[in-house]
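One-based numbering, in listed order, for ligands and for the atoms of each.
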Amino acid sequence: MTALEGFKLAPGFLDRGAQEQLVEDLRALLKEAPFYTPVMPRSGKPFSVRMTNCGTLGWVSDRAGYRYQPTHPETGRPWPAIPQALLDAWAELGAYSRPPEACLVNFYASGTRMGLHQDRDEEDLAAPVVSLSLGDEAVFRIGGHSRKDPTRSLRLKSGDALVLGGEARLAFHGVDRIIAGTSTLLPKGGRINLTLRRVTKGE
Ligand code: SIN
Ligand code: FE2
C-alpha cells in the first residue's frame, strides 16, 4: 500500500538530548495538568491511555462526547502553555501559517492501545497534525479515509516525528501495542505521544 499524500515520517527528529529536555518540560507541565483517564462518549468505558493537554485548548472525551475545551476536566484550571521545543517542531514540520492551539499528551503504559480513529474534531482540517513519540516503541497502524481501507503498520520510536497533512490528515490511525523495554528514556517505561493540532480557523 502506498502512503497517502501528506504522510511524512521523520525518524529520529529529536536526538537523545532533545528528548531528555522534553521529558523535563513535561514533568513541570504534568504538575500543573496531571494525566487523567478519559472515558468514551455514551458508554463511559475508560480509555486505556491516560491523557492531558497543553495549549489554549485541549482535547477531552467524556460521556457527553469528544470536544476541545480551555480547561483541564479534573482541576478546572487552564491548560499550561505549549513548550517552546514543541512550537519549534510545529514550525519545522507543520509548515502551517498559524500556530498550534492544542497539544494532546497521551501516556501509554505497557499493555495499552488506541483503536483505529480519525482526528476530526478540529474545525481547521487544512492544518496538519504533528506527532512526536517518546519512550517505548509503538506499533502504529495507518489506513485510508474509510475504516475498511487497507492499513499498514510501522514502528514509532523515541524521537520520531510523524506528520499527517494533506490527504493523510483524515487517515484512520491507531496504536496496536507498545513494545516494553525498547527505550531507556522513561525510567518506568511506557510511551508518551504528543500531537500538536490547530483547532480553530481564527487567528
Ligand atoms: C493519537 O492518534 O492521538 C495518538 C497517536 C499515537 O499515539 O501515535
Ligand atoms: Fe489520532
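Near Arg197, meaning under 4.0 Å from any of its heavy atoms, are these atoms of ligand 1: 3 (O). The ligand atoms of ligand 1 that sit less than 4.0 angstrom from a heavy atom of Val175 are 6 (C), 7 (O), 8 (O). Below 4.0 Å from some heavy atom of Tyr108 lie the following atoms of ligand 1, by number and element: 4 (C), 5 (C), 6 (C), 7 (O). Atoms of ligand 1 found under 4.0 Å from any heavy atom of Asn193, numbered from 1 in the order shown, are 4 (C), 5 (C), 6 (C), 7 (O), 8 (O). Every atom of ligand 1 is numbered from 1 in the order shown, and the set under 4.0 Å from a heavy atom of Met114 is 1 (C), 2 (O), 3 (O). Close contacts of ligand 1 with Phe140, meaning ligand atoms under 4.0 Å from a residue heavy atom, involve 8 (O). Of all atoms in ligand 1, listed by their number and element, those nearer than 4.0 Å to a heavy atom of His173 are 2 (O). Of all the atoms in ligand 1, the ones that sit under 4.0 Å from a non-hydrogen atom of Asn106 are 1 (C), 3 (O), 4 (C).
With no hydrogens or angles considered, no side-chain donor-acceptor pair links Ser110 and Asp136 at under 3.5 Å. Side chain to side chain, Thr184 and Arg16 meet the donor-acceptor criterion of an N or O pair below 3.5 Å.
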Inset, instruction - Determine, step by step, whether Glu123 and Tyr68 satisfy the side-chain contact (heavy atoms from CB on, under 4.5 Å) criterion, reporting the C-alpha distance in whole Å, the side-chain angles of both residues, the deciding distance to 0.1 Å, and the verdict. - result: CA-CA 10 Å; Glu123 206 183 288; Tyr68 282 92; over 6 Å; no
Inset, instruction - Kindly indicate, with the supporting measurements, whether the criterion side-chain contact (heavy atoms from CB on, under 4.5 Å) is fulfilled by Tyr96 and Asp124. - result: CA-CA 11 Å; Tyr96 194 63; Asp124 187 351; 2.6 Å; yes
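Of all non-hydrogen atoms in Cys54 and Trp79, the two that sit nearest each other are CA-CB, 4.0 Å.
A cation-pi arrangement, defined by a distance under 6.0 Å to the six-membered ring centre and an angle within 45 degrees of its axis, is present between Arg152 and Phe7.
Geometry at the Fe ion (ligand 2): OD1/Asp119 and NE2/His173 form an angle of 100°, nearest 10 degrees.
To the nearest 0.5 Å, atoms CG (Leu170) and CD (Glu122) are separated by 9.0 Å.
At least one N or O atom of Arg191 sits closer than 3.5 Å to an N or O atom of ligand 1. Remark: ligand 1 and His117 share an N or O pair separated by less than 3.5 Å (distance only, no angle test).
Results of the side chain to side chain contact (heavy atoms under 4.5 Å, CB included) test with Arg197 over Val130, Leu104, Asp121 single out Leu104 as the only residue that passes.
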